Amino acid sequence: MIAQRGLKARWLRAGDRRNTFAPTMLQLSVLKEQTDRVLVGLAKRNFKTAEADVAAVLDLDQRRRALQTQHDTAQAEANELARQIGGLMKSGDKAGAETLKARTSELKTQIKTHADELAALEKQQTELLYKIPNVPHESVPAGRSADDNEVVREGGTKPDLGPGAQPHWELIKKYDIIDFDLGIKITGAGFPVYKGQGARLQRALINFFLEQARDAGYVEVQPPILVNEASGYGTGQLPDKEGQMYHDKADNLYLIPTSEVPITNLYRDEIIATDKLPVRNTGYTPCFRREAGSWGADVRGLNRLHQFDKVEIVQITQPEHSYAAHEQMVAHVEKLLQLLELPYRVLRLCGGDMGFTSALTYDLEVWSAAQGRWLEVSSVSNFETFQANRLKCRYRGEGGKTQLLHTLNGSALALPRIVAALLENNQTPEGINLPSVLHSYCGFAQIK
RNA sequence: AGAGAGGUGGCAGAGUGGUCGAAUGCGACGGAUUCGAAAUCCGUUAUACCGGCAACGGUAUCGGGGGUUCGAAUCCCCCCCUCUCUGCCA
């Protein structure tokens, strides 16, 4: 076979850190076969260049395929010639071999040109595809901002604290359970130190969440909290959110912003046996976010941190089951909030507020009584095949053909804002009364 | 961190320039045998892209990139990763 490198590596492979040429994001086949649905969906995201971008991708695809056919044909001829030359050399027909070689060198330049053009077309196509976000599910409302999100339902009762209620940043000082100044001393802003009952409450919440997830059928995993570049690409943090992750340059590793990254990447480059589906995993990890440029008025206390704790649930399912799984995951998170006796609401995010990679996202918010505002404590998303396409996470469908799976994940739950709400909503002159479900986990019923 | 070894199909493991996409073994799947099973025997068993309604055909892929050659898993260069020993250490 004629050497023909530079065209391969369409997929990002494990262990190959230099190859940043990640595969396409939206499946090309979806774009081709469901162009109308894609355009309608992208309109809900106010993705202005959708039509032009999609048309450009389709055009590039057509050119690429035509070229590919030519290229393959030339390649086939060259392979055949090489075989013949081999035969002639063996039989000692030097002159015959030389004649064929002439034709071969002609083909070689042609092949080289094709290969370069193909690579260029693929690069253009990939870059375009990178820009196109996931197509929202049909239930996603159109809208521009958080104001356009749809309140699906509310639960619990908002407490009436009366006058003198304190926000959590006052309460943590009063009871000396979380110390921001100490965190600043040893690390920096946004790295709180939990002390005494505060530390024990953290540990209790983590255990409570993990146990609940386990009861709901999720298998617990404890993944690394540093991941390599390939994993960052796999779940889509790279290249878009590079600046949001802490990066260890010496070893080229990233501190995870969520355990979604290591847990979902467990299944990168896998063809999962049908009897192993759906994959249901849960894991606790600390999470690290640089939050570059997002510091402002609403980030006091525990509202936004550089390091925080979170229990995550992840599911990987066959396409036809993903939306049922999604609802089930939302129900699970809702149950946690009910057990914690926190007033909450479930939002269906509008097209403009949804993440780039998601097809449908529910946010769960708890009422922070002293701040008088809703705090997002969980985000449960169905990515459909968007992540799986990058991850190369597949199963065997009809006729043994490989097909992309759907990936989903959600927080269940992120701790800091839960703590904020617990402190504020349950404050009394005597102390903070914790919900009964936590008593055995904490070893105490009241913070005082 | 120093020294050495190595990266080949689901796994193990051959293969040092010419039908090698790749021997062999294991596993898996289908079938035969069996009342059933084990054992045995026969067959099948990678992924992606292009063409085709399909059957099927073509191309690429032996860690990644580049080079030599009519022809590279095999030769040369660069990079990445893993393992072992030594050192350090929770």
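Predicted model only: the values in this text are computed from it and were never measured. Below, read A as the first sequence line, B as the second, and so on, with proteins coming before strands; counting in each chain starts at 1. As a basis for the values below, the full set of heavy atoms in this structure was taken, side chains included, without hydrogen atoms, waters or symmetry mates.
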Practice problem: Identify which nucleotide among B:U59, B:G51, B:U47 has an atom closest to any side-chain atom of A:T402, counting heavy atoms from C-beta outward. | Solution: B:U47
Exercise. Whole angstrom is fine here: how far is it from CG in A:L81 over to C1' in B:G58?
Key: 16 Å
Quiz item: In whole Å, what is the span from the CG atom of A:L88 to the C1' atom of B:G71?
Solution: 13 Å
Exercise. Quote, to the nearest angstrom, the C1' distance that separates B:U33 from B:G17.
Key: 47 Å
Quiz item: Expressed in whole Å, how much space separates the P atoms belonging to B:G58 and B:A22?
Solution: 12 Å
Quiz item: Starting at the 5' end of RNA chain B, what dot-bracket string do you get if Watson-Crick and G-U pairs under 3.5 Å are bracketed, crossing pairs use [ ], other-strand pairs use | and unpaired bases use dots?
Solution: ((((((((.[[[..)..(.....]]]((((((.......))))))((((((....)))))).[[[[[..)....]]]]])))))))....
Exercise. Output the single nucleotide from B:U47, B:C70, B:G51 whose closest atom is nearest the side chain of A:R65.
Key: B:G51
Quiz prompt | Nearest-angstrom distance, C1' atom, B:G6 to B:A60 | solution = 26 Å
Exercise. Look at A:R396 and B:U47 and indicate whether a side-chain polar atom (N or O) is within less than 4.0 Å of OP1 or OP2.
Key: yes
Self-check item: Integer angstrom distance from the P of B:U45 to that of B:G10
Solution: 14 Å
Exercise. For A:L107 and B:U59, give me the distance from atom CG to atom P, rounded to whole Å.
Key: 13 Å
Exercise. For A:T49, enumerate each residue passing the side chain to side chain donor-acceptor pair (under 3.5 Å) test, keeping only those at least two apart in sequence or located in another chain.
Key: A:D53
Exercise. Choose from B:G71, B:C49, B:U59 the nucleotide whose nearest atom is closest to any side-chain atom of A:Q75.
Key: B:U59
Quiz item: Nearest to the side chain of A:I85, which nucleotide is it out of B:U47, B:C70, B:U59?
Solution: B:C70
Self-check item: Integer-rounded Å distance: B:U47 C1' and A:K392 NZ
Solution: 7 Å
Practice problem: Can you tell me, in whole Å, how much space there is between the C1' of B:A48 and that of B:C62? | Solution: 16 Å
Quiz item: On RNA chain B, nearest-nucleotide positions of A:E80 versus A:M89: which is more 5'?
Solution: A:E80
Practice problem: Between B:A12 and B:U69, how far apart are the C1' atoms? Round to whole Å, please. | Solution: 34 Å
Quiz item: In whole Å, what is the span from the CD atom of A:Q62 to the C1' atom of B:C50?
Solution: 14 Å
Quiz item: Do any N or O atoms from the side chain of A:R64 and from the backbone of A:E122 form a donor-acceptor pair under 3.5 angstrom?
Solution: no
Quiz item: So does A:R83 get a side-chain nitrogen or oxygen closer than 4.0 Å to the phosphate oxygens (OP1/OP2) of B:C70?
Solution: no
Quiz item: What residues form a ring-ring contact (aromatic ring centres under 6.0 Å, His included) with A:F308, not counting sequence neighbours?
Solution: none
Quiz item: What pairs meet the side chain to side chain donor-acceptor pair (under 3.5 Å) rule with one or both residues in residues 186-196 of chain A, with sequence neighbours excluded?
Solution: A:D176-A:K195, A:D179-A:K195
Practice problem: Ignoring backbone atoms, establish whether A:T73 has a side-chain N or O less than 4.0 Å from OP1 or OP2 of B:U59. | Solution: no
Quiz item: Relative to the 5' end of RNA chain B, which residue comes earlier, A:I271 or A:S105, by the nucleotide with the nearest heavy atom?
Solution: A:I271
Quiz prompt | Test salt bridge (charged side-chain N to carboxylate O under 4.0 Å, His left out) applied to A:K276 - qualifying residues, sequence neighbours left out | solution = none
Exercise. For the residue pair A:H247 and A:Y254, categorise the inter-ring angle as parallel (less than 30°), tilted (30 to 60°) or perpendicular (more than 60°).
Key: parallel
Practice problem: Take atom P in B:G21 and the same atom in B:G57, then report the distance between them in whole Å. | Solution: 15 Å
Quiz item: Does the ring centre of A:H406 sit less than 6.0 Å away from the ring centre of A:Y323?
Solution: no
Quiz item: Once you round it to whole Å, what is the distance between P of B:A28 and CG of A:D275?
Solution: 13 Å
Exercise. For nucleotides B:C76 and B:U82, find the distance between their P atoms and express it as a whole number of Å.
Key: 24 Å
Quiz item: Roughly how many Å is it from CG in A:D269 to P in B:G9, rounded to a whole number?
Solution: 13 Å
Self-check item: Any donor-acceptor pair under 3.5 Å from A:K44 side chain to A:H137 backbone
Solution: yes
Practice problem: Write down the distance between CZ (A:R103) and P (B:C70), rounded to a whole number of angstrom. | Solution: 16 Å
Self-check item: Among B:G51, B:C49, B:U59, the one nearest A:N79 by side-chain distance
Solution: B:U59
Quiz prompt | Residues forming a side-chain contact (heavy atoms from CB on, under 4.5 Å) with A:R200, sequence neighbours excluded | solution = A:R203, A:F444
Quiz item: OP1 or OP2 of B:U47 sitting under 4.0 Å from any side-chain N/O of A:R394?
Solution: no
